[in-house]
Amino acid sequence: MDILWISLLAVPVLLWSSGTFLFYFKTILYFVSMVCLAVVTIPMCILKSGGRNVENMRVIRFLVQHVKYLMGLRFVVSGRENLQVDGPYVIISNHQSSLDVLGQMEVLPDRCVSVAKRELLLTGAVGLACWLGGTIFINRKKTDDAKSIMAATARTMLKDQVRLWVFPEGTRNHEGDLLPFKKGAFHLAVQAQVPIVPVVFSSYNSFYSPREKQFKSGTIKLRILPAIETKGLVPHNVSTLSNQCYNLMRSVFAEISDATAGPSQ
């Protein structure tokens with residue numbers, strides 16, 4: 001019993017005195033919270049919609065929005081009005097860590113789903129909850145499969161009036177800059193002739209760094225940029241469109257990260 005009490009008393013001391021302990025504690029708390037919310041979400045989505053349905057994202061969004069308080073994170077959002085676009089569109093954003101999900105839920109419009117790697121579907125309750133919310137899973141290792149899924153998604157977007165959230169970098173990036181964009185999201189938008197809405201997250205480096213084992217409280221800026229039209233564009237224009245979005249988002253990333261992020265480690 002004495003050992004139990006000593007252990008309980010040691011936790012707040014370590015949280016205050018050890019950055020490494022705080023990093024692992026908050027990382028574990030984050031993933032446990034997401035799993036627990038997924039377990040709660042699954043029956044709620046089934047009861048609400050009977051199975052897989054984009055409307056289930058309302059439930060997921062409501063529940064996940066509260067996790068930011070556990071993590072000590074604050075979001076400052078500008079440009080919300082730029083999401084008030086009628087009909088389907090493609091949202092593209094930079095991708096730094098799994099914490100991006102919290103930013104997504106902060107601004108996610110109705111009838112919007114994410115594109116995610118297929119491996120997420122195999123993560124138990126979290127994968128099932130994402131599937132019920134309409135998440136589109138692709139096998140990034142098989143380019144032909146990914147392209148065919150994207151083509152089918154373009155048709156579904158128009159038919160069902162669904163919005164899509166894509167991370168065009170294709171993988172997480174902790175280096176304080178944007179990786180070159182993959183072209184899938186831009187082919188999708190051009191094929192469906194729908195607008196692209198860029199969303200930029202400021203750098204997390206001032207409060208979160210897996211390399212340095214740092215996870216403090218912090219502020220994340222989200223800037224939603226005006227929609228970029230694709231009507232009249234053809235596949236030949238995809239590279240130019242991708243470069244335009246990349247340069248714009250990279251410039252905004254540097255601008256909004258100045259006051260919130262330290263130098264890249």
Pairs flagged by side-chain hydrogen bond (donor to acceptor under 3.5 Å, both in side chains) wherever residues 43-54 is involved - sequence neighbours left out | Ser49-Asn56

Check side-chain hydrogen bond (donor to acceptor under 3.5 Å, both in side chains) between Gln96 and all other residues, then give those that pass, not counting sequence neighbours.
-> none

Might you work through the side-chain contact (heavy atoms from CB on, under 4.5 Å) test for Thr27 and Phe215, ending with a clear yes or no?
-> CA-CA 8 Å; Thr27 299; Phe215 195 166; 3.9 Å; yes

Going through the checks in order, is the side-chain contact (heavy atoms from CB on, under 4.5 Å) test met by Ile220 and Tyr204?
-> CA-CA 7 Å; Ile220 301 171; Tyr204 299 170; 3.7 Å; yes

Check: Phe253 main-chain N/O paired with Ser257 side-chain donor or acceptor under 3.5 Å = yes

Verify, without hydrogens or angle tests, whether Tyr89 (side chain) and Leu83 (backbone) share a donor-acceptor contact under 3.5 angstrom.
-> yes

Kindly indicate whether the side chain of Ile92, heavy atoms from C-beta on, has any atom under 4.5 Å from the side chain of Phe167.
-> no

Ile136 and side chain to side chain contact (heavy atoms under 4.5 Å, CB included): which partner among Thr156, Val166, Leu164?
-> Leu164

Phe137-Val113 co-clustered via ILVMFWY side chain contacts under 4.5 Å = no

After noting the C-alpha distance and the side-chain angles of Met34 and Val64, does the key distance pass the side-chain contact (heavy atoms from CB on, under 4.5 Å) rule?
-> CA-CA 8 Å; Met34 298 301 274; Val64 174; 4.0 Å; yes

Those residues at least two apart in sequence (or on a different chain) that pass side chain to side chain contact (heavy atoms under 4.5 Å, CB included) with Thr123 are Leu120, Val126

Reported CD1-to-CD distance for the pair Ile60 and Gln104, which is rounded to 0.5 angstrom | 11.0 Å

Rounded to the nearest 0.5 Å, how far does CD of Gln84 lie from CG of Asp86?
-> 9.0 Å

Identify all side-chain donor-acceptor contacts of residues 176-194 below 3.5 Å with residues at least two apart in sequence or on another chain.
unit_1, atom_1, unit_2, atom_2, d
Asp177, OD1, Arg250, NE, 3.0
Asp177, OD2, Arg250, NE, 3.3
Asp177, OD2, Arg250, NH2, 2.7
Gln193, OE1, Gly232, N, 2.7
Gln193, NE2, Val190, O, 2.7
Gln193, NE2, Thr230, O, 3.2
Gln193, NE2, Leu233, O, 3.1

Leu248 reachable from Ile256 in the ILVMFWY side-chain graph, under 4.5 Å edges = yes

Tyr24 and Phe21: aromatic ring centres closer than 6.0 Å?
-> no

Taken to the nearest 0.5 Å, the spacing of Leu222 CG from Ser202 OG works out to 7.0 Å

Donor-acceptor pairs are to be reported for all side-chain atoms of residues 73-80 against protein atoms at under 3.5 Å, with residues two or more places apart or in another chain.
unit_1, atom_1, unit_2, atom_2, d
Arg80, NH1, Glu106, O, 3.3

Can you get from Leu132 to Val54 by hopping between Ile, Leu, Val, Met, Phe, Trp and Tyr side chains that sit under 4.5 Å apart?
-> no

Tell me, please, which residues at least two apart from Leu29 pass side chain to side chain contact (heavy atoms under 4.5 Å, CB included).
-> Phe25, Ser33, Leu70, Met71

Please step through side-chain contact (heavy atoms from CB on, under 4.5 Å) for the pair Met57 and Met105, ending with a clear verdict.
-> CA-CA 9 Å; Met57 286 306 303; Met105 296 303 108; 3.9 Å; yes

Joint hydrophobic cluster, Val115 plus Leu108, side-chain heavy atoms closer than 4.5 Å = yes

Heavy atoms, side chains only, cut-off 4.5 Å: are Pro195 and Lys231 in contact?
-> no

Write out all pairs satisfying ring-ring contact (aromatic ring centres under 6.0 Å, His included) with one or both partners inside residues 100-125, taking only residues at least two apart or from two chains.
-> none

Does the side chain of Tyr246 come under 3.5 Å of the side chain of Asn94 through a donor N or O and an acceptor N or O?
-> no

In terms of the angle between their ring planes, are Tyr69 and His66 parallel, tilted or perpendicular, with boundaries placed at 30° and 60°?
-> tilted

Hey, are the side chains of Val162 and Pro88 touching, using non-hydrogen atoms and a 4.5 Å cut-off?
-> no

Look only at the side chain of Arg111 and the backbone of Gly87, and say whether a donor-acceptor pair between them is shorter than 3.5 Å.
-> no

Interatomic spacing from OG in Ser93 to CZ in Arg223 - rounded to 0.5 Å = 15.0 Å

Which residues satisfy the salt bridge (charged side-chain N to carboxylate O under 4.0 Å, His left out) test with Arg58, sequence neighbours excluded?
-> Glu55, Asp110

For Ala116, does its backbone N or O pair with a side-chain atom of Ser114 as donor and acceptor, under 3.5 Å?
-> no

Could you tell me which non-hydrogen atom of Leu225 sits nearest to which non-hydrogen atom of Met249, and how far apart they are?
-> CD1-CG, 4.5 Å

Atom CD1 in Ile91, atom CH2 in Trp165: separation rounded to 0.5 Å?
-> 5.0 Å

Could you tell me whether the side chain of Lys213 and the main chain of Pro210 form a donor-acceptor pair under 3.5 Å?
-> yes

Among Ile, Leu, Val, Met, Phe, Trp and Tyr joined by side-chain contacts under 4.5 Å, find the other residues sharing a cluster with Val32 and list them by chain and number.
-> Ile28

Assess Lys216 against Phe207: is NZ or CZ under 6.0 Å from the centre of the six-membered ring, and within 45 degrees of the ring's axis?
-> no

Can you list, pair by pair, the side-chain donor-acceptor contacts under 3.5 Å of residues 236-245, counting residues two or more places apart and other chains?
unit_1, atom_1, unit_2, atom_2, d
Asn237, OD1, Val234, N, 2.9
Asn243, ND2, Ser239, O, 3.2

Heavy-atom pair of closest approach, residues Tyr30 and Val67 = CD1-CG1, 3.9 Å

Across all chains, not counting sequence neighbours, the side chain to side chain contact (heavy atoms under 4.5 Å, CB included) partners of Asn82 are Ile224, Pro226

Using distance only, find each side-chain donor-acceptor pair of residues 35-47 under 3.5 Å and give its atom names and separation, not counting sequence neighbours.
unit_1, atom_1, unit_2, atom_2, d
Thr41, OG1, Leu37, O, 2.6

